A.B. asks: 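Handing you a structure now.
Just so it is clear, the model here is predicted, and its values are computed rather than measured. In what follows, chains carry the letters A, B, and so on, assigned in the order in which the sequence lines appear, proteins first and then strands, with residues in each chain numbered from 1. Because only heavy atoms are used, hydrogens play no part in the values below, and waters and symmetry mates are left out as well, while side chains stay in.
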Amino acid sequence: MSNVSIDHPVVIHDLTVAYRDKPVLWDIELSIPPGKLVAIIGPNGAGKSTLIKAVLGLVPTVAGTVSLFGGSYRERRQMIGYVPQRSSVDWDFPTHALDVVMMGTYGQLGWFKRPGKAQRELALRCLEQVGMADFANRQISQLSGGQQQRVFLARALAQDAQLYFMDEPFVGVDAVTERAIVNLLRDLRARGKTVVCVHHDLDSAPEYFDWLVLLNVRLIAAGPFETTFTSENLRKTYGGTMGAAIKHIEHFEEDRLAISVQADTKRPNGH
Amino acid sequence: MVIELFTDYTLRNVALGSALLGIVSGVLGCFAVLRRQGLLGDALAHAALPGICVAFLLTGSKAPLVLLIGAALAGWLATTLLLTAVRETRLSADSVLAIVLSTFFGFGIVLLTFISKSENANQAGLDKFLFGQAATLIAEDVQTMGLLGAAALAVVAGLYKEFKLLAFDAEFAASLGFPARGLSVLLTSLIVIAVVIGLQTVGVVLMAAMLIGPAVAARQWTNRLGVMLILAAVFGAASGVSGALISVSDAHIPTGPVIILSLTAIVLGSLFFAPARGLVWSTIRRRQQRANMKVE
Ligand SMILES: Nc1ncnc2c1ncn2[C@@H]1O[C@H](COP(=O)(O)OP(=O)(O)OP(=O)(O)O)[C@@H](O)[C@H]1O
Ligand SMILES: [Mg+2]
């Protein structure tokens, strides 16, 4: 068990979170293997953002433990990056893109120390990685939604973490930015990092991610897409009425069938 | 008048005191405005009144430090009540704010009336805290204000990066390990200090404007937080000094309203004429764009 939790970036045991008396997450048992792109999927109000915030110690928990690389969040903070929902901040704040990205280095800087040349250069490199170098000095309110999202991603890159949590990084971005973000996520995976994203689009999920967490207050299912992304599980997550979700899954299952016939590989069937 | 500033004892105290107030409330007001807590300053200022009265009733002293401690404790109590009520009840923040503000202020007025009716010969002058009377500033007051102000500004300078992060994205700050709650309490305490510095000059009723006005005006001229803080300090000091000097020229004018009027001139000027965000220029730009469209 302890072996598992050390090389597993995230191990959640028996986690329960409530706002006032209303439980929002109930008895979550989850462990996420390293080097994966993980999608957290579930309906509105399922507790997806809350799950991330609970793991990062941003909301109090009622019960349960969270271990990150075998330690508490306090101990592992420097290894963890966070991209909050873009709508969670006021973009009319008097600052520019580069300055926001530099905020990613504040954790490593610690108290009182001001960012200097090294932090500036790191932030510029991170902006380059998301294709935003030309906008470094742009006031943040004068960025489009997609550009703001990229600035947030660059800020997380500046944290230079091993494990990233991103809350809906694809919301409100155009196709070009969406590709750029996907490439960035794959690049992170290639460098051995684990990325956990809240995601809403069932269409693109199997293409972008390789591990799935289905959540609706309780944990419905978690595992590789091949075995977890099933109509049965989606029905349990969204309730029986979610016709559209089921259609996505049928396509996915047909595709998978076609692929496995072509490749003539025998995969264990998930259901 | 300029020469008198350096020679006349009263004028020098008034100018120094109001400049100090302008600088400190300008800088701290920026954070309050950016965190959308402008009204918090209002509640804190109004809450200071009962604090002053209780401090006077308990000690019988009108020494500035005694009254300031009373004001600070009351402000702190009001903030704690406010934040707890917002967290623990379903009331919205602005309702809680309104309740706390009027309760404390009402209590303060009752105490003030009680004091002025009592036999205490020392009582004259507490009501100057309502609208401010800069002419009553003595060197000792200015020294106390200077110490408090310097301490507040030193904290802001030391924790500039932390406060900026807190104001922009408190949750991210917390995820980096900065105690967002603690920083927030600290920032509020500094605002209490600004309020305390402004008690004698502006008074409790109009103090909130002294926090919000310079910040709003400064935001119009710049997109950088550092520049905004400096501009707000300059605007605050300019309106403080000009207002206080005007009011001192006639002892019947309370200082607070005059300071706020000169501050209003700066705010209006900034809202209309600041280059990028000013209403005048953006209207002209829109007209031109429309005209260009028609030509094409
Ligand atoms: N600060 C809060 N106070 C009280 N209740 C909250 C708070 N934040 C969230 N909730 C409630 O907790 C539940 C889960 O919220 P959460 O934001 O985690 O959902 P989500 O899965 O991220 O939803 P969405 O897809 O809409 O982003 C919701 O019912 C929400 O109303
Ligand atoms: Mg959410």
A.B. asks: Give, for atom CZ of A:Arg77 and atom OG of B:Ser175, the distance between the pair rounded to the nearest 0.5 Å.
C.D. replies: 9.0 Å
A.B. asks: Take atom CZ in B:Arg35; do more than 12 heavy atoms of anything else shown fall under 6.0 Å from it?
C.D. replies: yes
A.B. asks: Select one option (side chain, backbone, both, neither) describing which atoms of B:Ala167 are under 4.5 Å from chain A's heavy atoms.
C.D. replies: both
A.B. asks: Please say whether the positively charged group of B:Lys161, taken as NZ for Lys or CZ for Arg, lies over the ring of A:Phe112, i.e. under 6.0 angstrom from the six-membered ring centre and within 45 degrees of the axis.
C.D. replies: no
A.B. asks: So which residue, A:Ile80, A:Ile140, A:Asp99, A:Leu56, ends up with the most heavy-atom pairs under 4.5 Å with chain B?
C.D. replies: A:Asp99
A.B. asks: If we only count heavy atoms from C-beta on, is the A:Pro94 to B:Arg224 side-chain gap below 4.5 Å?
C.D. replies: no
A.B. asks: Around atom CZ of B:Arg285, are there more than 12 heavy atoms from other residues, nucleotides or ligands closer than 6.0 Å?
C.D. replies: yes
A.B. asks: How many angstroms lie between CG in B:Leu34 and OG1 in A:Thr95, if you round to the nearest 0.5 Å?
C.D. replies: 10.5 Å
A.B. asks: Can you tell me which portion of A:Gln85 sits under 4.5 Å from chain B's heavy atoms? Options are side chain, backbone, both or neither.
C.D. replies: neither
A.B. asks: What part of A:Tyr19 gets within 4.5 angstrom of chain B, counting heavy atoms only: side chain, backbone, both, or neither?
C.D. replies: neither
A.B. asks: Is there a side-chain contact between A:Asp92 and B:Arg277, using heavy atoms and a 4.5 Å cut-off?
C.D. replies: yes
A.B. asks: Could you tell me if the side chain of B:Asp169 sits less than 4.5 Å from the side chain of A:Arg155, heavy atoms only?
C.D. replies: yes
A.B. asks: Could you look at A:Gln159 and say if it's the side chain, the backbone, both or neither that has a heavy atom under 4.5 Å from chain B?
C.D. replies: side chain
A.B. asks: May I ask you to name which of A:Tyr73, A:Trp111, A:Trp91, A:Tyr82 has the most heavy-atom pairs under 4.5 Å with chain B?
C.D. replies: A:Trp111
A.B. asks: For chain A, which candidate among B:Arg219, B:Met228, B:Glu88 shows the most heavy-atom pairs at distances under 4.5 Å?
C.D. replies: B:Arg219
A.B. asks: Select one option (side chain, backbone, both, neither) describing which atoms of B:Leu183 are under 4.5 Å from chain A's heavy atoms.
C.D. replies: side chain
A.B. asks: With rounding to the nearest 0.5 angstrom, report the OG1 to CD distance, B:Thr222 to A:Gln139.
C.D. replies: 9.0 Å
A.B. asks: Within 45° of the six-membered ring axis of B:Tyr160 and under 6.0 Å from that ring's centre, is NZ or CZ of A:Arg114 located there?
C.D. replies: no
A.B. asks: Considering only heavy atoms, which portion of B:Glu171 lies under 4.5 Å from any heavy atom of chain A: side chain, backbone, both, or neither?
C.D. replies: both
A.B. asks: Contact between A:Val83 and B:Phe172 at the side-chain level, heavy atoms closer than 4.5 Å - yes or no?
C.D. replies: no
A.B. asks: Mind listing the closest non-hydrogen atom pair of B:Ala174 and A:Leu58 along with its distance?
C.D. replies: CB-CD2, 3.4 Å
A.B. asks: Using non-hydrogen atoms and a 4.5 Å limit, figure out which bit of A:Val100 sits close to chain B: side chain, backbone, both or neither.
C.D. replies: side chain
A.B. asks: Got more than 12 heavy atoms from elsewhere within 6.0 Å of CZ, B:Arg36?
C.D. replies: no
A.B. asks: Are the side chains of B:Leu176 and A:Met103 in contact, using a 4.5 Å heavy-atom criterion?
C.D. replies: no
A.B. asks: If every non-hydrogen atom of A:Tyr106 is compared with every non-hydrogen atom of B:Phe178, which pair is closest and at what distance?
C.D. replies: O-CZ, 3.6 Å
